[in-house]
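Written below as structure tokens is the structure these notes are about.
In the text below, chain A, chain B and the rest are named by the order of the sequence lines, each starting its count at 1. Worth knowing before you read on, the calculation uses all heavy atoms, side chains too, and leaves out hydrogens, waters and symmetry mates.
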Amino acid sequence: MTPTTPSLKDAAREQARLGRMVRIEPLAREPEVVAAVDAAYADHQGTIFAVAVVLAHDGFELLESSLVAARTQFPYIPGFLSFREAPPLLRALGGLETPFEAVLVDGQGIAHPRSVGLASHLGVLLGLPTIGCAKKRLVGNAAVPGPEKGSFSTLEVKGERVGVVLRTRTGVKPVFVSPGHLVDVDSARRVVLNWVGRFRIPEPLRAAHNLAARYSKALTPLLARNP
DNA sequence: GCGACAG
DNA sequence: ATCTTGTCGC
């Protein structure tokens, strides 16, 4: 196979192309089953462990998980995270057999320099609703939301409402929620809040994150023996 | 030129 | 993201 490593110029061009395909619209129904993706990195040879999980809203039960281990093909550059994580994450999602209604992503949706964060990028390629839920801000300005769980403030970029800064737990640092594809800001906010358990990060993303970390620790020694 | 900067 | 134990607080 021929490793594909686009230049930043080409990457930005690809984002512009995908950006034209992003659709922001309210989600018709509250998802009963969602997927979530996250990645962990191992020290050795730039290995990335991409994980996709499927959970049922009822009891936040983990229905299925999928793992993909690969070599990173792109460095981490703010604004271009998709070119590093989207390929393995898409493969992980492709390994799922359980049907899901939306995907929660650890990163931004349209709250991005070119309006195509990882969540939007994945959404367009999947043709499914995706929601970005990041722990930090990439772009945009927002007021500090109220201290109670559920409070939120508008995240805007050049006068555009691209997301919300949402308090998922009382007194805890808020998260940055923005629509990826086929959802709007309000739908994205509601979905994230509906999938929050007793922690700051929504359960599906926690499950994906924990699994990725576990796989990384457990498999890194094996990869060192079998390069 | 000087900061800011998802994971 | 990752390197890393205990510790302070609700």
With A:Arg167 as the cation and A:Phe152 as the aromatic partner, state whether NZ or CZ is under 6.0 Å from the six-membered ring centre and within 45° of the axis.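 No, a cation-pi geometry is absent between A:Arg167 and A:Phe152.
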Does NZ or CZ of A:Arg169 fall inside the cone over A:Phe199's six-membered ring, less than 6.0 Å from its centre and within 45° of the axis?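 No.
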So, does [X] use its side chain to make a donor-acceptor pair with the main chain of [Y] at under 3.5 Å?
X: A:Arg214; Y: A:Lys217; result: no
X: A:Arg84; Y: A:Phe74; result: yes
X: A:Thr130; Y: A:His181; result: yes

Atom CZ of A:Phe49 and atom C1' of C:dA1: how far apart are they, to the nearest Å?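 Checked: the CZ to C1' distance equals 13 Å.
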Which part of the nucleic acid, if any, lies within reach of A:Ala40 when heavy atoms closer than 4.0 Å are counted: base, sugar-phosphate only, or nothing?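 If one applies the 4.0 Å heavy-atom cut-off, A:Ala40 turns out to touch the sugar-phosphate alone, with no base involved.
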Heavy atoms only, 4.0 Å cut-off, all strands: where does A:His209 land among base, sugar-phosphate and nothing?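 It contacts sugar-phosphate atoms only.
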Going 5' to 3' through nucleotides 1-7 of chain B and flagging B where a protein heavy-atom sits under 4.0 Å of the base, S where only the sugar-phosphate is that close, and - otherwise, we get ---SBBB
Interface with DNA chain B, restricted to residues 161-180 of chain A and to heavy atoms under 4.0 Å: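 Of all residues in residues 161-180 of chain A, none places a heavy atom under 4.0 Å from DNA chain B.
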Is the number of heavy atoms from other residues, nucleotides or ligands within 6.0 Å of CD (A:Glu160) greater than 12?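 At most 12 heavy atoms, drawn from other residues, nucleotides or ligands, come within 6.0 Å of this atom.
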Look at atom CZ of A:Arg91 and say whether more than 12 heavy atoms of other residues, nucleotides or ligands are closer to it than 6.0 Å.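 Counting other residues, nucleotides and ligands, CZ of A:Arg91 stays at 12 neighbours or fewer.
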Could you write out DNA chain C as dot-bracket? Rules: Watson-Crick or G-U wobble, both distances under 3.5 Å, brackets [ ] for crossings, | for pairs with another strand, dot for unpaired. ..........
Can [X] and [Y] be counted as an ion pair, charged N to O under 4.0 angstrom?
X: A:Arg29; Y: A:Glu101; value: yes
X: A:Asp186; Y: A:Arg161; value: yes
X: A:Lys135; Y: A:Asp106; value: yes

